[in-house]
Amino acid sequence: MRLNLVLISMIAEIANNYMKIFSTIVDIRAFLKNAKLKGQRIGFVPTMGALHEGHLSLVRASLQNADITVVSIFVNPTQFGPAEDFEKYQRDLQRDSALCESVGVDIIFAPAVDEMYQPGHSVMIDESVLSRNLCGRARDGHFSGVLTVVAKLFNIVQPDIVFFGQKDAQQVRVIEQMIIDFDYDVEMSVVPTVRDTDGLALSSRNLYLTAEQRAWAPVIYESLQKAKLLYAEGITDVLVLRKTVEPVLLGDGVEIDYVEFVSWQTMEPVEKAGDDTLLAVAVRVGETRLIDNVFLQSIA
Ligand code: AMP
């Protein structure tokens, strides 16, 4: 009898060490409630899947800072415009799960669209200051979709610490503000942008690039580096800095969406660059929209 009990608890322990995949809110809530009762610290990495090393660096940060790491994989329809790539966005849960398991993720939350947005869903979060510029200007409703889904995910997972990538700098800033404004009791950790060896920021959308477009794409980071170098030499006039960035980005089939120097705090354009100035760019390469950014003062 006692041996049976020992065996059962060993099996339960082993089963607990395997990564779990939940697709319903009820199930993940029940599991995490237990973890919370045990006093475990929950780390959360929201993603849309098509995972790469950039996502995995967020996961690794969570593994180091939390007892349980939850990764959500959800291609959120409300953050895509009608002419955007919602349909063609890569969805491969098997591949993403294998990657997550290989680095030690504890839980994947991969809900269907109608699990997250029940019939009759009508309330959305709207941010109207920080999301006015940059991607907010080109992608109407994008940040409302992002904030709404992130708020829902925070409410479902109730994490202690959340991880976002600097790659999506404006997203970081609007979520940071939502955490403050909506009193979320959560710590936010921002992870540096992971790049390919040639400097291109890793992105799920790099998959769309043709070989020729991919060969061109490293100039995005080169253009940012040029501005940083000038800033380090003492040039702070944004008109001058902009003139070093834009020509580097010119190319066949390339359209500059924006090259903006903004204050990190307000996301408003500045005329004189300072240590809190974010240089953010977005370009369209054929059908594909790529973004990148740097802080002018940082070394990397
Ligand atoms: P996504 O799946 O594109 O919504 O991204 C999920 C999270 O991964 C966001 O917090 C992104 O900022 C982050 N992320 C995406 N690409 C990178 C990258 N190259 N380096 C660091 N974080 C990234």
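Whatever order the structure lists them in is the order used to number ligands and atoms, beginning at 1. FYI, the numbering just counts along the sequence from 1.
A salt bridge does not link K88 with E287: every distance from a Lys NZ or Arg NE/NH1/NH2 to an Asp or Glu carboxylate oxygen is 4.0 Å or more.
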Pairs under 3.5 angstrom, nitrogen or oxygen on both sides, ligand 1 versus protein: list them out, please.
from     : atom 1 : to   : atom 2 : distance (Å)
ligand 1 : 2 (O)  : M48  : N      : 2.9
ligand 1 : 2 (O)  : H55  : NE2    : 2.9
ligand 1 : 5 (O)  : H55  : NE2    : 3.4
ligand 1 : 10 (O) : G165 : N      : 2.9
ligand 1 : 12 (O) : G165 : N      : 3.2
ligand 1 : 12 (O) : G165 : O      : 3.2
ligand 1 : 12 (O) : D168 : OD2    : 2.6
ligand 1 : 16 (N) : L202 : O      : 3.4
ligand 1 : 19 (N) : V194 : O      : 3.0
ligand 1 : 19 (N) : L202 : O      : 2.8
ligand 1 : 20 (N) : V194 : N      : 2.8

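When side chains are defined from C-beta on, T148 does not count as touching D126, because their heavy atoms never get closer than 4.5 Å.
By the 30° and 60° cut-offs, the orientation of the rings of H55 relative to H52 is tilted. The aromatic rings of F74 and Y117 sit tilted relative to each other, their planes meeting at an angle between 30° and 60°.
Under the 3.5 Å distance criterion, with hydrogens and angles disregarded, no donor-acceptor pair is assigned to the side chains of R60 and Q64.
Figure legend: cation-pi geometry between R91 and F86, with NZ or CZ positioned under 6.0 Å from the six-membered ring centre and within 45° of its axis.
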